[in-house]
Engineer: 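Can you read through this structure? Questions will come right after.
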Amino acid sequence: MSTVERYGTLFPTAVVGSMPRPEFVRQIVLDGGSGDKDADGQRLDAAVAYTASLQSAAGLDIITDGEWRRASYVGVIAQLAHGFELGTSDDGRPWTVIVDKVEPKQPGTVAAEVAALRRVTDRRIKVCLPAPALLGERMWESDRSALAYPTRRAFIEAATPILRQEAQLCVEAGAHVVQVDDPHLCLLVDEEVRRHYDDAETEVAGGADGEARLSVDMDNEVLAGVGSGAVRAVHLCRRAGARVRGDAAHAGGYDPIISALNQLDTDHLTLEFTSPGAGDVSVLRQLREDIEIGLGCVSVHPGQVDEPQTIVRRVEQAMTVIDKERIVLNPDCGFAPGSAARVDLDEVYTKLSNEAAAARLLRERHG
């Protein structure tokens with residue numbers, strides 16, 4: 001299916017997921033707010049309406065709620081299911097670890113985000129869920145989790161049905177795009193990371209390739225909950241948060257995981273291309289032709305604002321490799337990578353406005 005059939009236009013525009021949160025939203029979500037639950041709820045509803053309006057004003061075709069209601073885009077699993085222990089790291093970031101059996105807790109939590117956004121916008125809506133393998137990477141600790149799940153894989157497999165159910169509920173709530181965020185799979189483009197899995201004794205057979213297969217299999221289970229009711233999407237990135245928080249970055253072209261990507265039961269892949277070390281767009285030739293490409297053509301690096309013509313050049317370079325009707329424009333990654341990240345919202349508005357302006361130029365040239 002072409003983007004025109006799916007979204008009504010060539011070169012549709014989107015965000016990846018998260019948007020920077022104003023301080024008052026951070027205080028409500030991360031610090032407990034004012035203590036008046038009803039008042040804080042009304043303020044949060046108004047805030048989400050604002051970020052939806054900002055994206056619409058910028059000219060985007062596909063928007064999110066910025067993930068403003070979540071303390072952590074990964075930690076949302078602890079709202080969906082029992083079995084997790086929550087804490088706070090030294091730098092203020094929430095952390096979550098699995099310590100007991102996963103059981104449903106509040107199914108529909110993420111779907112409620114979709115429903116709330118649906119009430120304040122007529123744009124197409126994207127919603128994001130963390131990949132099961134990412135939960136395993138972040139939340140399974142051998143010394144604290146083994147009594148509940150003796151292996152990381154066992155925990156991943158237990159968490160997957162929770163996410164699959166939520167994906168289905170998100171479609172029922174009105175999501176047009178359901179996206180699985182899987183930066184864990186994208187770690188496997190990095191040769192150093194691949195050597196770790198190839199050399200280490202783990203419960204996942206097959207080294208780095210086996211790890212990729214596990215990630216893909218679990219993503220497919222989650223996406224099965226989407227069915228044919230919405231666009232099934234997978235987002236891959238090199239942890240754009242590293243550029244905001246100073247964490248370790250991971251580089252490498254997508255070639256080492258192309259075989260795994262072609263096994264994804266997905267309609268759409270969001271790939272990062274503007275960051276150093278991300279590789280060349282020529283790799284897109286190796287992907288199945290039925291996969292729509294969310295082309296990372298807008299930098300999320302703070303202080304770096306790409307002009308529309310710069311974005312146009314990146315898209316036109318991709319058009320030498322794949323059909324224009326497969327391309328969706330989007331930033332490399334989310335704009336608020338991690339709850340502790342500080343990113344200027346007005347700067348992001350300029351970036352998104354330039355993205356939409358680039359799409360208009362592309363339609364004039366190639367529509």
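Quantities reported herein were computed from a predicted structural model and do not represent experimental measurements.
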Engineer: Please determine whether residues Val127 and Leu169 belong to a single hydrophobic cluster, defined as Ile, Leu, Val, Met, Phe, Trp and Tyr linked transitively by side-chain heavy-atom distances below 4.5 Å.
Structural biologist: no

Engineer: So how far is it from Thr266 OG1 to Glu292 CD, rounded to the nearest 0.5 Å?
Structural biologist: 9.0 Å

Engineer: Can you check whether Pro20's main-chain N or O pairs, donor with acceptor, with Trp68's side chain at less than 3.5 Å?
Structural biologist: yes

Engineer: Take Leu236 and Leu261 through the side-chain contact (heavy atoms from CB on, under 4.5 Å) test and state the conclusion after the steps.
Structural biologist: CA-CA 10 Å; Leu236 303 174; Leu261 298 185; 3.4 Å; yes

Engineer: Going by heavy atoms in the side chains, are Leu54 and Leu345 under 4.5 Å from each other?
Structural biologist: yes

Engineer: List in chain and number order the residues that pass side-chain contact (heavy atoms from CB on, under 4.5 Å) with Gln309, two or more places apart in sequence or in another chain; answer none if no residue qualifies.
Structural biologist: Val312, Arg313, Leu361, Arg365

Engineer: Can you see which heavy atom on Asp332 is nearest to which on Cys297, and at what distance?
Structural biologist: OD1-N, 4.3 Å

Engineer: Regarding Asp190 and Arg195, does a basic nitrogen lie under 4.0 Å from an acidic carboxylate oxygen?
Structural biologist: no

Engineer: Might you point out which heavy atoms bring Cys333 and Cys237 nearest each other, and give the distance in Å?
Structural biologist: SG-SG, 3.6 Å

Engineer: For the backbone of Tyr349 and the side chain of Ser353, can you confirm whether one donor and one acceptor N or O come within less than 3.5 Å of each other?
Structural biologist: yes

Engineer: Can you name the closest pair of heavy atoms from Ile327 and Leu329 and give their distance?
Structural biologist: CG2-CD1, 4.1 Å

Engineer: Side-chain contact, heavy-atom cut-off 4.5 Å: Ile77 with Leu163?
Structural biologist: yes

Engineer: Does Gln79 reach the main-chain N or O of Gln106 with its side chain, forming a donor-acceptor pair under 3.5 Å?
Structural biologist: no

Engineer: Could you tell me whether Lys37 and Asp40 have a side-chain N and a carboxylate O separated by less than 4.0 Å?
Structural biologist: no

Engineer: Report the C-alpha separation of Asp182 and Ser215 in whole Å, then their side-chain angles, then the decisive distance to 0.1 Å, and conclude whether the side chain to side chain donor-acceptor pair (under 3.5 Å) test is met.
Structural biologist: CA-CA 8 Å; Asp182 197 349; Ser215 192; 2.6 Å; yes

Engineer: Looking at Asp45 and Arg119, is there a salt bridge between them, counting it only when a charged N and a carboxylate O are closer than 4.0 Å?
Structural biologist: no

Engineer: Can you tell me how far CD of Gln179 sits from SG of Cys170, rounded to the nearest 0.5 angstrom?
Structural biologist: 12.0 Å

Engineer: Verify the neighbour count for atom CD of Glu192: are there more than 12 heavy atoms of other residues, nucleotides or ligands below 6.0 Å?
Structural biologist: no

Engineer: Would you please indicate if the ring centroids of Phe273 and Tyr254 are separated by under 6.0 Å?
Structural biologist: yes

Engineer: Give, for atom CZ of Phe11 and atom OG1 of Thr3, the distance between the pair rounded to the nearest 0.5 Å.
Structural biologist: 7.5 Å

Engineer: Run the numbers on Ile62 and His176 for side-chain contact (heavy atoms from CB on, under 4.5 Å), then give the verdict.
Structural biologist: CA-CA 9 Å; Ile62 307 156; His176 298 90; over 6 Å; no

Engineer: If you define the side chain from C-beta out and look only at heavy atoms, does anything of Val298 sit under 4.5 Å from Asn354?
Structural biologist: no

Engineer: Checking Ile156 against Trp140 for the side-chain contact (heavy atoms from CB on, under 4.5 Å) test, could you report, in this order, the C-alpha distance in whole Å, the side-chain angles of both residues, the deciding distance, and whether it holds?
Structural biologist: CA-CA 9 Å; Ile156 291 170; Trp140 187 87; over 6 Å; no

Engineer: Between Leu271 and Leu287, is there a side-chain heavy-atom distance shorter than 4.5 Å?
Structural biologist: yes

Engineer: Grouping I, L, V, M, F, W and Y whenever their side-chain heavy atoms are under 4.5 Å apart, do Val177 and Val234 come out in a common cluster?
Structural biologist: no

Engineer: Go through the structure and list residues passing side-chain contact (heavy atoms from CB on, under 4.5 Å) with His82, not counting sequence neighbours.
Structural biologist: Glu103, Lys105

Engineer: Donor-acceptor pair, distance only, cut-off 3.5 Å: does the side chain of Thr64 make one with the backbone of Lys126?
Structural biologist: no

Engineer: Going hydrophobic residue to hydrophobic residue with side-chain gaps under 4.5 angstrom, can you get from Ile291 over to Val180?
Structural biologist: yes

Engineer: Would you mind listing every salt bridge (Lys or Arg N to Asp or Glu O under 4.0 Å) that reaches into residues 163-172, with sequence neighbours excluded?
Structural biologist: Arg164-Glu221

Engineer: Passes side-chain contact (heavy atoms from CB on, under 4.5 Å), Val348 versus Val15? Steps please.
Structural biologist: CA-CA 10 Å; Val348 167; Val15 288; over 6 Å; no

Engineer: Test Glu211 against every option in Arg153, Arg194, Arg152 by the salt bridge (charged side-chain N to carboxylate O under 4.0 Å, His left out) rule and name the one that passes.
Structural biologist: Arg152

Engineer: Is a donor from one side chain sitting under 3.5 angstrom from an acceptor on the other, for His366 and Glu316?
Structural biologist: yes

Engineer: Answer yes or no: is there a donor N or O on one side and an acceptor on the other, between the side chain of Thr51 and the main chain of Val48, under 3.5 Å?
Structural biologist: no

Engineer: Mind listing the closest non-hydrogen atom pair of Ser299 and Phe335 along with its distance?
Structural biologist: O-CE2, 4.3 Å

Engineer: Within the structure provided, determine whether Pro256 and Glu191 are in side-chain contact (heavy-atom separation under 4.5 Å).
Structural biologist: yes

Engineer: Are side-chain heavy atoms of Gln55 and Arg123 found at a separation under 4.5 Å?
Structural biologist: no

Engineer: Using only heavy-atom distances, determine whether the side chains of His268 and Thr270 contain a donor-acceptor pair under 3.5 Å.
Structural biologist: yes

Engineer: Would you say that Val76 contacts Glu67 through its side chain, given a criterion of any heavy-atom pair below 4.5 Å between the two side chains?
Structural biologist: no

Engineer: First locate atom CG of Asp38, then atom CZ of Arg43, and finally report the distance between them rounded to the nearest 0.5 Å.
Structural biologist: 10.5 Å

Engineer: Can you name the closest pair of heavy atoms from Ile257 and Cys186 and give their distance?
Structural biologist: CD1-CA, 4.3 Å

Engineer: Can a cation-pi geometry be assigned to Lys101 and Phe155, taking NZ or CZ under 6.0 Å from the six-membered ring centre and within 45° of the ring axis?
Structural biologist: no

Engineer: More than 12 heavy atoms of other residues, nucleotides or ligands under 6.0 Å from CD of Glu23: yes or no?
Structural biologist: yes

Engineer: Rounded to the nearest 0.5 Å, what separates atom CD1 in Ile63 from atom CG in Leu352?
Structural biologist: 11.0 Å

Engineer: If you measure only the distance, is there a donor-acceptor pair under 3.5 Å linking the side chains of Thr310 and Glu307?
Structural biologist: no

Engineer: Hey, any chance Leu86 and Tyr73 share a hydrophobic cluster, counting ILVMFWY side chains that come within less than 4.5 Å of each other, even indirectly?
Structural biologist: yes

Engineer: Please report the shortest heavy-atom distance between Val74 and Leu135, naming the atom on each side.
Structural biologist: CG1-CD2, 3.5 Å

Engineer: If we count only N and O atoms by modelled type, under 3.5 Å, do the side chains of Thr9 and Arg363 hold a donor and an acceptor together?
Structural biologist: yes

Engineer: Answer yes or no: is there an ion pair linking Arg138 with Asp181, defined by an N-O contact shorter than 4.0 Å?
Structural biologist: no

Engineer: So among Thr13, Asp306, Thr274, Val300, which one has a side chain to side chain contact (heavy atoms under 4.5 Å, CB included) with Pro331?
Structural biologist: Val300

Engineer: Within this structure, what is the CZ-CG distance for the pair Arg232 and Leu269, rounded to the nearest 0.5 Å?
Structural biologist: 11.0 Å

Engineer: Using modelled atom types and a 3.5 Å cut-off, is there a donor and acceptor pairing between side-chain atoms of Arg288 and backbone atoms of Asn262?
Structural biologist: yes

Engineer: Any carboxylate oxygen within less than 4.0 angstrom of a Lys/Arg side-chain nitrogen, looking at Lys351 and Glu355?
Structural biologist: no

Engineer: Are Val4 and Val328 grouped together when hydrophobic residues (ILVMFWY) are joined by side-chain heavy atoms under 4.5 angstrom apart?
Structural biologist: no

Engineer: Are any of the side-chain heavy atoms of Asp61 and Tyr7 separated by less than 4.5 Å?
Structural biologist: no

